[in-house]
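Here the structure is a predicted model, which means the values were calculated and not measured.
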Amino acid sequence: MSKVIIIGAGGVGTVVAHKCAQNHDVFSEIVLASRTRSKCDAIAHQLGDKPWITTDSVDADSVEQLVELFNRHKPELVINVALPYQDLTIMEACLQCGVNYLDTANYEPKDVAHFEYSWQWAYRERFEKAGLTAILGCGFDPGVSGVFTAYAAKHWFSEMQYLDIVDCNAGNHGKAFATNFNPEINIREITQNGRYYQDGKWVVTEPLEFHKTLNYPNIGPRESYLLYHEELESLVLNYPTIKRARFWMTFGQEYLTHLRVIQDIGMARIDEIEYNGQKIVPLQFLKAVLPNPQDLGKNYHGETSIGCRISGLDKDGKPLTYYIYNNCSHEEAYKETGMQAVSYTTGVPACIGAMMFLTGKWNKPGVHNVEEFDPDPFMAQLPVQGLPWHEVINADLEL
């Protein structure tokens with residue numbers, strides 16, 4: 001029985017709150033906090049206005065406000081599902097208040113679309129000395145993708161050699177153009193250069209330069225594009241036998257056409273411009289006029305399919321291909337939480353990671369990525385909490 005603070009009241013925060021509330025035997029008290037308290041109040045109301053679920057407000061850019069919040073509520077763990085820009089301020093406040101930490105996405109600076117763990121890994125020694133645990137990247141990808149890889153290494157492979165993380169959203173929300181999570185973060189991620197790991201080096205590509213058709217379970221063929229994704233950085237360090245690691249994501253042609261136009265007219269810019277005597281960031285303005293990802297769920301149909309395709313040598317030294325994946329229905333996610341499957345597949349693992357820590361299964365002082373913990377108890381909870389997984393052995397990985 002433990003108290004947590006969930007920071008962030010977007011689509012993912014809503015799912016995390018729902019799942020934690022469903023597991024009251026682990027989460028004895030839940031505090032929902034964001035810059036806009038009314039959003040937290042709305043979530044608490046959805047959950048039935050339970051007395052052990054309370055709300056508060058905080059500017060997560062302010063270490064001072066975060067410290068005041070943590071000292072007042074005294075949680076055992078903070079679940080950070082705010083913006084990636086705020087990871088470091090929240091980690092700093094956790095250190096000052098003696099609170100453990102979990103997030104779903106790595107830190108990135110506001111002024112450049114650059115994703116790496118170095119900023120957060122720099123906190124390792126401080127968390128370890130304080131006896132505090134920080135769990136990084138506990139969504140789906142990053143998150144379950146790392147746990148899947150750890151599970152494969154533990155149970156199937158003596159040597160993993162090739163890793164491809166594949167992410168397909170075959171859903172249809174009926175909008176001409178909309179992003180499935182924060183538009184600012186989403187567009188920054190897609191429009192940066194691609195990158196993959198090959199023979200001990202990182203190979204940089206143009207944005208969406210490489211693509212190929214991959215087949216996804218229950219979905220069929222979808223054009224899949226090579227991106228850089230942060231979990232690759234930690235996975236190749238923690239599994240040094242990996243010779244090549246890549247990340248693929250599907251996009252429809254209509255989405256890509258809109259994205260190209262957005263870039264061509266300058267709306268994807270993240271630098272400030274002056275408009276009517278005030279400074280604005282074009283991408284932040286675009287975010288304000290695009291559909292809110294939280295509002296997509298009602299009319300969303302279809303499913304997501306995310307997994308790891310791994311090849312190498314099995315426990316007996318023989319060649320092995322292994323595909324482990326989850327498919328998640330947008331309709332079912334909405335029925336349960338009011339959110340679409342992209343939010344659901346991120347929020348459920350965050351709840352499970354928090355459960356792992358609070359029940360003593362993932363408790364290791366320092367700053368750690370998810371694959372550094374025992375995957376088995378996490379994997380056991382995935383189907384229980386709504387994300388069943390499947391394995392395909394020695395099939396064509398297509399990659």
Side-chain angles (χ1 to χ4, degrees), residues 6 8-24 27 30 32 34 36 38-50 53 55 79 81-82 104-105 138-141 143-144 167-183 185-186 216-220 222 249-252 254-255 287 290-307 325-355 381-390:
I6 301 169
V12 176
T14 300
V15 174
V16 176
H18 272 80
K19 301 308 292 191
C20 290
Q22 291 173 16
N23 291 275
H24 186 37
F27 302 93
I30 301 169
L32 309 176
S34 77
T36 307
S38 59
K39 293 181 179 180
C40 299
D41 291 338
I43 296 171
H45 185 65
Q46 290 173 23
L47 299 175
D49 294 315
K50 296 176 173 63
I53 300 175
T55 67
I79 303 174
V81 283
T104 62
C138 198
F140 206 108
D141 46 353
V144 175
D167 183 328
C168 172
N169 179 10
N172 182 0
H173 47 54
K175 305 287 187 183
F177 182 84
T179 61
N180 295 292
F181 56 95
N182 185 296
I185 304 302
N186 185 238
Y216 293 87
N218 300 330
I219 293 169
R222 289 290 189 277
M249 183 175 282
T250 62
F251 300 102
E254 186 175 18
Y255 180 94
K287 172 187 173 182
L290 285 176
N292 185 338
Q294 286 180 259
D295 299 332
L296 297 176
K298 185 176 182 180
N299 298 309
Y300 223 137
H301 305 290
E303 60 187 330
T304 62
S305 182
I306 312 173
Y325 68 92
N326 160 266
N327 277 32
C328 183
S329 162
H330 287 290
E331 292 97 330
E332 293 304 313
Y334 180 76
K335 284 178 189 175
E336 183 184 345
T337 65
M339 295 295 131
Q340 34 87 353
V342 176
S343 294
Y344 190 87
T345 54
T346 305
V348 172
C351 171
I352 297 174
M355 292 174 67
Q381 280 294 321
L382 277 171
V384 175
Q385 302 302 331
L387 294 176
W389 47 276
H390 312 276

Rounded to the nearest 0.5 Å, what's the gap from SG on Cys168 to OH on Tyr325? Could you check?
-> 12.5 Å
Contact check, side chains of Glu303 and Cys328, non-hydrogen atoms, under 4.5 Å | no
Do Gln340 and Glu331 have a side chain donor and acceptor closer than 3.5 Å?
-> no
Contact check, side chains of Met355 and Gln381, non-hydrogen atoms, under 4.5 Å | yes
Nearest atoms (heavy-atom pairs only) where Ala350 meets Thr104 | CB-CG2, 3.8 Å
Side-chain donor-acceptor pair present, Asn327, Ser305, cut-off under 3.5 Å = yes
For Thr345 and Ala341, indicate whether the former's side chain and the latter's backbone hold a donor-acceptor pair under 3.5 Å.
-> yes
Value for CD1 (Ile53) from CD (Gln46), rounded to nearest 0.5 Å, stands at 11.0 Å
The side chain to side chain contact (heavy atoms under 4.5 Å, CB included) partner of Ile6 among Leu32, Ile43, Thr14 is Leu32
Looking at side-chain heavy atoms only, is the closest gap between Glu336 and Tyr344 below 4.5 Å?
-> yes
Might you work through the side chain to side chain contact (heavy atoms under 4.5 Å, CB included) test for Ile79 and Cys20, ending with a clear yes or no?
-> CA-CA 11 Å; Ile79 303 174; Cys20 290; 4.2 Å; yes
At their closest point, which heavy atom of Gly139 faces which heavy atom of Pro349, and how far apart are they?
-> O-CB, 2.9 Å
Any side-chain heavy atom of Asn169 sitting closer than 4.5 Å to one from Met249?
-> no
Report the C-alpha separation of Val144 and Ile306 in whole Å, then their side-chain angles, then the decisive distance to 0.1 Å, and conclude whether the side chain to side chain contact (heavy atoms under 4.5 Å, CB included) test is met.
-> CA-CA 9 Å; Val144 175; Ile306 312 173; over 6 Å; no
Tell me, do Phe140 and Val342 make a side-chain contact under 4.5 Å, heavy atoms counted?
-> no
Chi angles and distances behind the side chain to side chain contact (heavy atoms under 4.5 Å, CB included) call for His330, Thr304 | CA-CA 8 Å; His330 287 290; Thr304 62; 3.8 Å; yes
Look at atom NE2 of His390 and say whether more than 12 heavy atoms of other residues, nucleotides or ligands are closer to it than 6.0 Å.
-> yes
Taking atom types as modelled and ignoring hydrogens, do the side chains of Asn299 and Tyr334 form a donor-acceptor contact shorter than 3.5 angstrom?
-> no
Passes side chain to side chain contact (heavy atoms under 4.5 Å, CB included), Leu382 versus Asn326? Steps please.
-> CA-CA 10 Å; Leu382 277 171; Asn326 160 266; over 6 Å; no
Value for NE2 (His173) from NE2 (His301), rounded to nearest 0.5 Å, stands at 11.5 Å
First locate atom OG1 of Thr55, then atom NE2 of His45, and finally report the distance between them rounded to the nearest 0.5 Å.
-> 13.0 Å
Is a side-chain N or O of Ser329 found less than 3.5 angstrom from the main chain of Glu332, in a donor-acceptor match?
-> yes
What closest approach, in Å, do Ile30 and Ala21 show between heavy atoms, and which atom pair accounts for it?
-> CD1-N, 3.7 Å
Classify the side-chain pair Asn23/Gln385 by whether it contains a donor and acceptor separated by less than 3.5 Å.
-> yes
